[in-house]
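Notes for the one structure printed next.
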Amino acid sequence: MGLQIYILKGLKMANIFLCSYFAEIASKINEMINFKDKHIAFIDTAAKFEEVNFYVGEAAEILEKLGAKLIRLDVSCAKNSAALVSIQDEPSCEDKILSTISQCDIIYVSGGNTFYLLNELRKSRVWQAIKNAVKAGKIYIGESAGAILAAPDTRYATPMDENSPNMSDFTGLNLVDFCVVPHFGCEPFTQATHEIMEKFGNLYDLRPINNAEFIAL
């Protein structure tokens with residue numbers, strides 16, 4: 001399989017990396033940003049209730065072997081900030097996540113269920129914190145659901161992921177102006193990815209990538 005890379009910022013170093021399967025392309029991304037001694041906010045919430053989630057452990061192991069320092073975060077613990085006040089004045093779950101995002105070098109969002117992740121992020125200030133951090137130049141790596149999340153709108157992913165939270169607002173992080181279709185032509189998503197292209201191809205700027213490809217910008 002080939003390697004597909006979009007560089008859209010001229011000579012400026014890329015800070016957004018979107019992929020289907022991180023384990024397959026990690027060494028190539030490492031050549032571009034060098035993970036050694038980088039602090040990574042590793043958000044694996046999308047895989048929390050997935051039966052198949054081996055890719056989370058694979059990605060974490062690879063990043064640590066490349067010298068990165070991971071802080072694993074579950075954004076589902078960060079609810080409405082009004083309900084997070086501790087009587088001991090201890091930092092809330094949300095405060096800890098926000099602090100990690102502000103201090104890390106890289107924000108990594110794993111694969112899993114796009115809509116569960118989207119719903120959980122919307123419940124807290126973490127959503128805006130990620131947007132602000134990436135806009136300021138912090139590196140964002142999105143794998144599968146994490147790549148879909150970067151789009152302006154995530155509705156196109158419904159043939160691939162169950163909308164278990166019954167969301168009606170599919171607005172994404174809007175980090176990019178196109179929509180990644182991860183795992184294109186790859187099992188077990190062959191049928192779903194082709195359905196996405198047929199159903200939403202005229203509505204969105206879809207960028208299909210297989211498991212050995214990634215987009216950098």
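These numbers come from the heavy atoms of this one structure, side chains and all, not from hydrogens, waters or symmetry mates.
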**Message:** Main chain of Val75, side chain of Thr45: is a donor-acceptor contact present, judged purely on distance under 3.5 Å?
**Reply:** yes
**Closest contact, heavy atoms only, Lys48 versus Ser76** = NZ-OG, 2.8 Å
**Prompt:** If you look only at pairs with a residue in residues 159-176, which of them pass as a salt bridge (Lys or Arg N to Asp or Glu O under 4.0 Å), with sequence neighbours excluded?
**Reply:** Arg122-Asp169
**Asked** With a 4.5 Å heavy-atom cut-off, do Ile97 and Ser99 have their side chains touching?
**Response** no
**Message:** Surrounding CD of Glu64 (heavy atoms of other residues, nucleotides or ligands, distance under 6.0 Å), is the total greater than 12?
**Reply:** yes
**Request:** Would you please indicate yes or no on a ring centroid separation below 6.0 angstrom for Phe170 and Tyr156?
**Result:** no
**Fill in**
So OG1 of Thr100 and CD1 of Ile71: to nearest 0.5 Å the spacing works out to 4.5 Å
**Message:** When you compare the side chain of Asn15 with that of Ile33, does any pair of heavy atoms fall below 4.5 Å?
**Reply:** no
**Request:** Of all the heavy-atom pairs spanning Glu213 and Asn210, show the shortest one and how long it is.
**Result:** OE1-N, 2.9 Å
**Flag side-chain contact, heavy atom, 4.5 Å: Phe22 against Ile29** = yes
**Request:** Mind checking the OH-OG spacing from Tyr55 to Ser144? Nearest 0.5 Å is all I need.
**Result:** 7.0 Å
**Single-linkage hydrophobic cluster, 4.5 Å side-chain cutoff, Phe17 and Ile148 together** = no
**Fill in**
Nearest heavy-atom approach of Cys179 to Ala151 is SG-CB, 3.9 Å
**Prompt:** Is it true that atom NZ of Lys135 has more than 12 heavy atoms of other residues, nucleotides or ligands lying nearer than 6.0 Å?
**Reply:** no
**Request:** Could you tell me the separation between the SG atom of Cys19 and the NE2 atom of His183, rounded to the nearest 0.5 Å?
**Result:** 8.5 Å
**Message:** Side-chain heavy atoms nearer than 4.5 Å, only ILVMFWY residues, links allowed to pass through others: does that put Val56 and Ile25 together?
**Reply:** yes
**Request:** Name all residues meeting the side-chain hydrogen bond (donor to acceptor under 3.5 Å, both in side chains) criterion together with Thr154; count only those two or more places apart in sequence or in a different chain, and write none if there are none.
**Result:** none
**Request:** Looking only at non-hydrogen atoms, find the nearest pair between Ser20 and Pro182 and report the distance.
**Result:** OG-CA, 3.3 Å
**Asked** With side chains defined as the heavy atoms from C-beta onward, is the minimum distance between Tyr108 and Leu70 less than 4.5 Å?
**Response** no
**Message:** side-chain contact (heavy atoms from CB on, under 4.5 Å), that's the test. Do Phe35 and Asp105 meet it? Break it down for me.
**Reply:** CA-CA 10 Å; Phe35 290 113; Asp105 303 298; over 6 Å; no
**Asked** What's the verdict on side-chain hydrogen bond (donor to acceptor under 3.5 Å, both in side chains) for Tyr116 and Glu50, showing C-alpha distance, side-chain angles and the deciding distance?
**Response** CA-CA 10 Å; Tyr116 173 72; Glu50 296 289 286; over 6 Å; no
**Message:** Determine whether a donor-acceptor pair (N or O, by modelled atom type, separation under 3.5 Å) exists between the side chain of Lys138 and the backbone of Ile107.
**Reply:** no
**Prompt:** Under 4.5 Å between any side-chain heavy atoms of Arg125 and Glu94, yes or no?
**Reply:** yes
**Message:** Restricting to non-hydrogen atoms, name the atom on Ile101 and the atom on Val126 that form the minimum distance, rounded to 0.1 Å.
**Reply:** CD1-CG1, 3.8 Å
**Prompt:** Honestly curious: do Phe54 and Phe42 fall in one hydrophobic cluster under the side-chain, below-4.5 Å linking rule?
**Reply:** yes
**Request:** Indicate yes or no: at least one non-hydrogen side-chain atom of Thr158 is less than 4.5 angstrom from one of Phe115.
**Result:** yes
**Message:** Nearest 0.5 Å, please: how far is CG in Leu63 from CD1 in Ile40?
**Reply:** 4.5 Å
**Message:** For Met197 and His194: C-alpha separation, side-chain torsions, deciding distance, then whether side-chain contact (heavy atoms from CB on, under 4.5 Å) applies.
**Reply:** CA-CA 5 Å; Met197 298 302 295; His194 281 92; 5.6 Å; no
**Item:** Path from Leu173 to Ile209 over hydrophobic side-chain contacts below 4.5 Å
**Value:** yes
**Request:** Work out which heavy atom in Asn119 is nearest to a heavy atom in Lys123; give both atom names and the distance.
**Result:** O-CG, 3.4 Å
**Item:** Distance in Å, Ile43 CD1 paired with Leu121 CG, rounded so as to fall on 0.5 Å steps
**Value:** 6.5 Å
**Asked** Looking at side-chain heavy atoms only, is the closest gap between Phe200 and Pro159 below 4.5 Å?
**Response** yes
**Request:** Determine whether Val176 and Tyr204 fall in the same hydrophobic cluster, where Ile, Leu, Val, Met, Phe, Trp and Tyr are linked whenever their side-chain heavy atoms lie under 4.5 Å apart.
**Result:** no
**Item:** pair Glu31-Lys28: side-chain heavy atoms closer than 4.5 Å
**Value:** yes
**Item:** Nearest-0.5 Å distance, OG1 of residue Thr171 to CG of residue Leu118
**Value:** 8.0 Å
**Message:** Quick one, Leu206 with Phe184, criterion side-chain contact (heavy atoms from CB on, under 4.5 Å). Give me CA distance, side-chain angles, the key distance, then yes/no.
**Reply:** CA-CA 11 Å; Leu206 299 179; Phe184 182 72; over 6 Å; no
**Asked** Hey, is Asp74 close enough to Arg72 for a salt bridge, meaning N to O under 4.0 Å?
**Response** no
